[in-house]
Amino acid sequence: MSDEKNVNSADSADKPAEQVPAPKPVASPQESAAPSQPVSAALSRAEQKAAKAKAKVDAKLEKARAKEAQQRAKADAKNAAKEQKSRESEQEAAAKAEAKAEKKAEAKETAKPAAAPASTPEANAKAEPAKESEPASEKPSKAAGTPVAEPASDAKPEVASEAKDQPAVAPEQDPASAEAHPAHKAASSSTPSAPVAAHEPKAAHKAEPEKSESDKASAGKAETPAEGKSQAAQTAGASAAAAATGAVATPATETPAAASKDTAGEPENAKAAKRRRKLEKIRAAEAAKEEQAHKAQATEASPASESTDGKVNARRKKLDKARVAASKDAATAPTRKRTGAVLLSLAAVIAAGAVVAGGSVIAPKAAEKTLPAAVTNLPAGDASSICAPTPQLLKGVDGTDPQFAAGAKEISSNLRSIAVSDLAKRIPGSSFAKLDGSSERSLTKRIAEAEALEARGSDDDGQTGRTSKISTINDADDAQVYSLQPLGGLASEGSALRSYQAKDGDLAGLATATCQAPASNWRFTGLQTSTGSTSVMNLSNPTHTTAQISVRLRGPEGLIDTPTLQSIVLAPGESRALVLGGYAQNMDSVSAEVTSVGGKITASVQQAALRGLTPSGVDFVAANASASNTQVIPGVWIDEKSNADALSKDDSSLVPQLHVSATGSSGAGYKVKVLGKDGEVAASFDDNLAVASNATDVQSLKQLAAGYYTIVVESDAPVTAAVRMVRGSNPKDSSDTAWAASSNVLAGTQAMPLPANGTGKFSLAAVDSDSSVEATVVRKDGKLSKGRKLEINAGSSIVFDPKTVADDAQAVIFSTDANTYIGALTLSSERSIAWAAMPQANAGRDGIVVNIGG
C-alpha cells in the first residue's frame, strides 16, 4: 500500500496545473475483511475460517495490484526517457540543418551591410519573456511589425536560428528578471515519471504560461531520484529553448527600419520567416486547445484510468510528430525551392536533348521476355567416323589387356568408303588414319580451304552434276578414323564400312560394321558370355580430350556389379579392349550401356562362338538406338525352316531370337509386331510379355517363315532390343550369326557403301505412316545412276537390291523424308550372314547453344 501511495504522490507532482485530490486511504486486508458490526459470539468455527480465508485472498489481491502499479510506473518512466531522447536528437538535427542553411545565406550577404549582432546565449539565458502570463495566441504588435514572443513550449531550433537575424536584447531590460524565478527553472527542466505524465511531451509542460509559480516550485520539488539522473541532458535542451525564447521575446527593441532593411536584403529569408510565423501561430493555437482538453480530462481522470490516459498520450504524440514535421518543412523550404528549380531546368534540358537527338538520351527499354536458347550451327568441319578393328582371336588372356592372334589363314578384311561431290562435281578430300593421326592414307585429294569454303552450284563450264569416289583399302586391321572434308560450309555426303570374312579357323564367318561418329552414350543388346561365346568391347577416343568412361552391364537377373568398369580413363588417341566374360560370366543375354564424360568416344563389340571345336559364327554387334518405348529393328532375315530345325536339333539355342533389355528399375511390359512386305505378319507371342527391372529377356522367332522382316517392340517403359539371326544347315559344319540392332530413322541424305565381301541388300521399313525414299546407286567408276523412287506403306517393310539397278553397284545414296528405318543385310555362300546399321547424315561439327535473349 505504501508503494501505491508513492505512485499517486509522484503523479500529482508531475501535474502542477491540476489539483488532483489525494487518494483515499485504502483499508488493509484485515480491515476490509472485518464486518461493520461486532461479530456474534455464536459465530461458528466454519464461518471464522471462511472470513480468515477471504482476508488472505484480499491481501494477496492488494499486493498484486500494488506490484502491478509499480511495474507500470517504471515502464512509463522508461518510455518517457526514450521519447525525450528521440525528441532531443530530432531537435539537434533540425538545428544543424538550419545552421547550415543560415551559413549559406550569410555567405551570400557578405557584400551587404551586416545585420545587428544576435543576442548571446548568456544574455538569452538571463532574459525573461516580457509578458509571461499573456495568452499564447496573442497577435503581433502593430507598432513593431514583428510577432510577439510565444511561450517557451513552442520554441524550436528553427526559432533559435531565426533569432540571428533579430536585434540584440535591449540594455534597459533588467537582467535580474531571468533569475527571479528559480522554481520555474526547476519545473521546466524536470522529467515526469507518473503513469499519466510519462507520455506527456516536455514541450507541453512548458506551454502553460497561466500556471502559478507555486505550482512550478512544487513540481520541481516532486522530482524523483530516477528523474534527476537525466536532468543534465534535459537541462541542455531546456537552455537551448530558453535562449531561443529570449531572442524572440524582445521585439520591442527592433525598429521597423531594421526589419524592412533585413527583408529587402534577403527576400528568401523573409518569405521563410513569414512561413515560420504562420506555423508558430498554428502551433500556439494547437497548444492552447490541447491544454484546455488536457485540463478537462485531468479533472475527471483518476490515477487508475489507464484507457483515458492512453488516448490523451496518443493525441500528444501525434501533435509532437506534427510539430517536428512542420519544423523540418520550414527549415528545408529554401533548399526545396532551389532543388525544384534545378530539377525543372534539368528536365527542360533532357526534353530538348530528346527532341534534337531523336531519343538518344533515353535508352530503349529492355525486352521483358527472354527468348529461348537456340542452337547455332558452326561452319562444318571434317566429318570423322571410327571403323572397328578387324576381329581377332583371343590368346587366352582375360581382363582389359587381352592378347590377340589371327583366327584363320584365309582372312579378307577391308575398308570401303564413298565420297560424294557437290553440284559443281567437286569431290571432297577423304582419308583413313590411325586414332593418333599416324599412318594417314589419302583417298581423295583435299581441296584448298579457301576454295572449299565457296558454295558452288555448277562447275567452271556452268554445268550442274554430281559424281563420287569409291575407295577400298586392305591391310588396315587397327581401328581407323575416316575423315571427309566439307564443301561450301556444309558437311559432305559419304561414309565407310568394314567387312570381314574368314573361311577357316575359330573366327570363320562374315561380319560387317559401319564406321560410326563419336558420341557420349552407347548401348548394346544381345551380348553373350556363355560357354564357347566371347564378347570383346573395343573403346576408342579419337578426340583431343581425355574421356572418363563407365560401363553398366545388365543380365537376365538384373544389374551386374562392375565397380572396376565405372572409372575407365581413355587418353586422346587411345583405345582399349574389354573382355566382358570377365565381368558377366556364363550369361546367354547381356546388355551394356557405355557413358563417356569429357571426350566423345566410339564403342564396338566383336562377338564369336564355338560349338565345341566347330565355329558357330563371328559378328560385329551394332549399337542400339536410344532406349525408348518403341524399338524398330529393320533387316531381320529368317532362314528356311528345314535348315533351322536341322541346325538346332542338338542345340536349341541355334534359332533366331529377340533380346529385350529394360533400362529402368521398374522393368517393362512389351509386345512384338512383325512387319513384312504386305504389312503386319501374324505371329503368336505370349499376351503378357515382360522384362524385369534392369534385366534382359529372350523370345524365340523360330515360328516365322523364311524371308525379310522388320521387328517392332512396343513397351510401357524404355527398353532396347536386338535380334540374333542364325544361318547354317548341318550341325557338324560351321554356322554363322549376325545381330540386327534397333535403329534410328534416317533424316536427310546419306551414302552407304556395299561390303567388299558378299552381296549386300537393304531393308527399309515405315512404321506409323507411309514413306517415300529415293535410292541412287553408285557404280564402280563413281558415276551415279538415275535415282529410283521407293514407296513404303505404313506398317510394312520392303527389300531393295542395288544389283537390280547396276551389276557393279558399289554404294547407294538414300534420301528420305525422315520416316524410314534402313538396315543393310549381307549374305555370302550358304553359311555366312552379316548386318550393318545405316549411318546417320553427317553433321561435320556439333552446334553450340547461344542465348540471344539476354
Side-chain angles (χ1 to χ4, degrees), residues 388 391-394 396 398-399 402 407 500 506-511 513 522-538 551-560 562 565 577-594 603-624 633 636 644 647-648 650-662 691-692 694-702 711 719-728 731 734-742 833-835:
Q392 291 182 321
L393 186 66
L394 287 176
D398 294 337
Y500 163 89
D506 293 343
L507 297 180
L510 179 67
W522 298 85
R523 293 180 182 271
F524 300 89
T525 306
L527 311 180
Q528 294 182 322
T529 62
S530 56
T531 303
S533 298
T534 304
S535 293
V536 180
M537 178 179 289
N538 292 286
V551 180
R552 301 180 69 190
L553 301 179
R554 297 178 173 88
E557 302 300 327
L559 279 174
I560 301 170
T562 56
L565 297 181
L578 304 176
V579 181
L580 299 181
Y583 308 97
Q585 299 177 358
N586 198 24
M587 294 185 181
D588 292 331
S589 180
V590 177
S591 67
E593 179 182 356
V594 183
S604 63
V605 176
Q606 167 199 323
Q607 190 156 274
L610 291 172
R611 289 181 282 112
L613 298 177
T614 304
S616 188
V618 63
D619 193 31
F620 292 112
V621 180
N624 288 112
I633 308 170
V636 175
L647 186 64
S648 62
D650 297 332
D651 189 349
S652 59
S653 66
L654 295 178
V655 295
Q657 295 174 339
L658 169 65
H659 292 242
V660 179
S661 175
V691 55
N694 285 308
T696 58
D697 185 55
V698 180
Q699 296 294 324
S700 174
L701 299 177
K702 186 179 179 180
I711 304 298
V719 296
T720 59
V723 172
R724 189 187 75 165
M725 300 172 286
V726 180
R727 191 178 189 196
S734 63
S735 60
D736 200 6
T737 59
W739 290 90
S742 58
I833 185 173
W835 187 93

Enquirer: Using 0.5 Å steps for rounding, measure from the CD atom of Q657 to the OG atom of S589.
Expert: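 Those atoms lie 8.0 Å apart.
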Enquirer: When you measure from the side chain of S661 to the backbone N and O of S591, does any donor-acceptor pair fall under 3.5 Å?
Expert: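 The answer is no, because no donor-acceptor pair under 3.5 Å joins these two groups.
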Enquirer: Quick one: closest heavy-atom pair of V618 and A511, and the distance?
Expert: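 Looking at all heavy atoms of both residues, the closest pair is O-CB, 4.1 Å.
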Enquirer: Looking at every non-hydrogen atom in both residues, tell me the closest pair between D650 and P731 and how far apart they are.
Expert: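 Scanning both residues completely, I find the closest heavy atoms to be OD2-CB, 4.3 Å.
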Enquirer: Hey, could you give me the OG1/CE distance between T696 and M587, rounded to the nearest 0.5 Å?
Expert: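 If I round to the nearest 0.5 Å, the distance is 8.5 Å.
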Enquirer: Distance-only criterion, 3.5 Å: show the donor-acceptor pairs between side-chain atoms of residues 719-727 and protein atoms not counting sequence neighbours.
Expert:
unit_1	atom_1	unit_2	atom_2	d
T720	OG1	T525	OG1	2.8
R724	NH1	Q528	OE1	3.4
R724	NH2	S653	O	2.1
R727	NE	E830	O	3.4
R727	NH1	S829	O	2.7
R727	NH1	S832	O	2.8
R727	NH2	S829	O	2.9

Enquirer: For the side chain of Q606 and the backbone of N538, is there at least one donor-acceptor N/O pair under 3.5 Å apart?
Expert: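 Side chain of Q606 to backbone of N538, a donor-acceptor pair under 3.5 Å: no, none is there.
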Enquirer: Tell me whether D736 contacts the main-chain N or O of I833 through its side chain, where contact means a donor paired with an acceptor under 3.5 Å.
Expert: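 Confirmed, D736 side chain pairs with I833 backbone.
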Enquirer: Within the 4.5 Å heavy-atom criterion, are L507 and Y500 side-chain neighbours or not?
Expert: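 Sidechains of Y500 and L507: in contact.
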Enquirer: Mind jotting down which residue pairs meet the salt bridge (charged side-chain N to carboxylate O under 4.0 Å, His left out) criterion with at least one end in residues 522-534? Sequence neighbours excluded, please.
Expert: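 Passing the test, one end in residues 522-534: R523-E593.
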Enquirer: Could you report the tightest heavy-atom contact between L610 and P615, atom names first, then the distance?
Expert: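 Reported closest heavy-atom pair: CD2-CA, 3.6 Å.
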Enquirer: Are the side chains of S604 and W522 in contact, using a 4.5 Å heavy-atom criterion?
Expert: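 W522 does not reach S604 side chain to side chain.
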Enquirer: Measuring from T562:OG1 to R554:CZ, what's the distance to the nearest 0.5 Å?
Expert: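 Between T562 OG1 and R554 CZ, I get 10.5 Å after rounding to 0.5 Å.
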Enquirer: Considering non-hydrogen atoms only, spot the tightest contact between V590 and A584 and give its length.
Expert: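 Scanning both residues, the minimum pair turns out to be CG2-CB, 4.4 Å.
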Enquirer: Do you know the tightest heavy-atom contact between A622 and F524?
Expert: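 Shortest heavy-atom contact: O-CD2, 3.7 Å.
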Enquirer: How many angstroms lie between atom OG1 of T531 and atom CG of D588, to the nearest 0.5 angstrom?
Expert: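 Between atom OG1 of T531 and atom CG of D588 there are 9.0 Å.
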Enquirer: Less than 4.5 Å apart, side chain to side chain, heavy atoms only: is that true for L654 and S616?
Expert: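 They are in contact (side-chain heavy atoms under 4.5 Å apart), so the answer is yes.
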Enquirer: Do the side chain of S535 and the main chain of L580 share a donor and acceptor less than 3.5 angstrom apart?
Expert: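 Between the backbone of L580 and the side chain of S535 there is no qualifying donor-acceptor contact (under 3.5 Å).
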Enquirer: Where do W835 and W739 come nearest, in terms of heavy atoms and distance?
Expert: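 Heavy atoms of W835 and W739 come nearest at CE3-O, 3.4 Å.
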Enquirer: So how far is it from Q607 CD to D619 CG, rounded to the nearest 0.5 Å?
Expert: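 Here the rounded value is 8.0 Å.
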Enquirer: Can you tell me how far apart CG (L527) and CE (M537) are? Round to the nearest 0.5 Å.
Expert: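 It is 6.5 Å, given to the nearest 0.5 Å.
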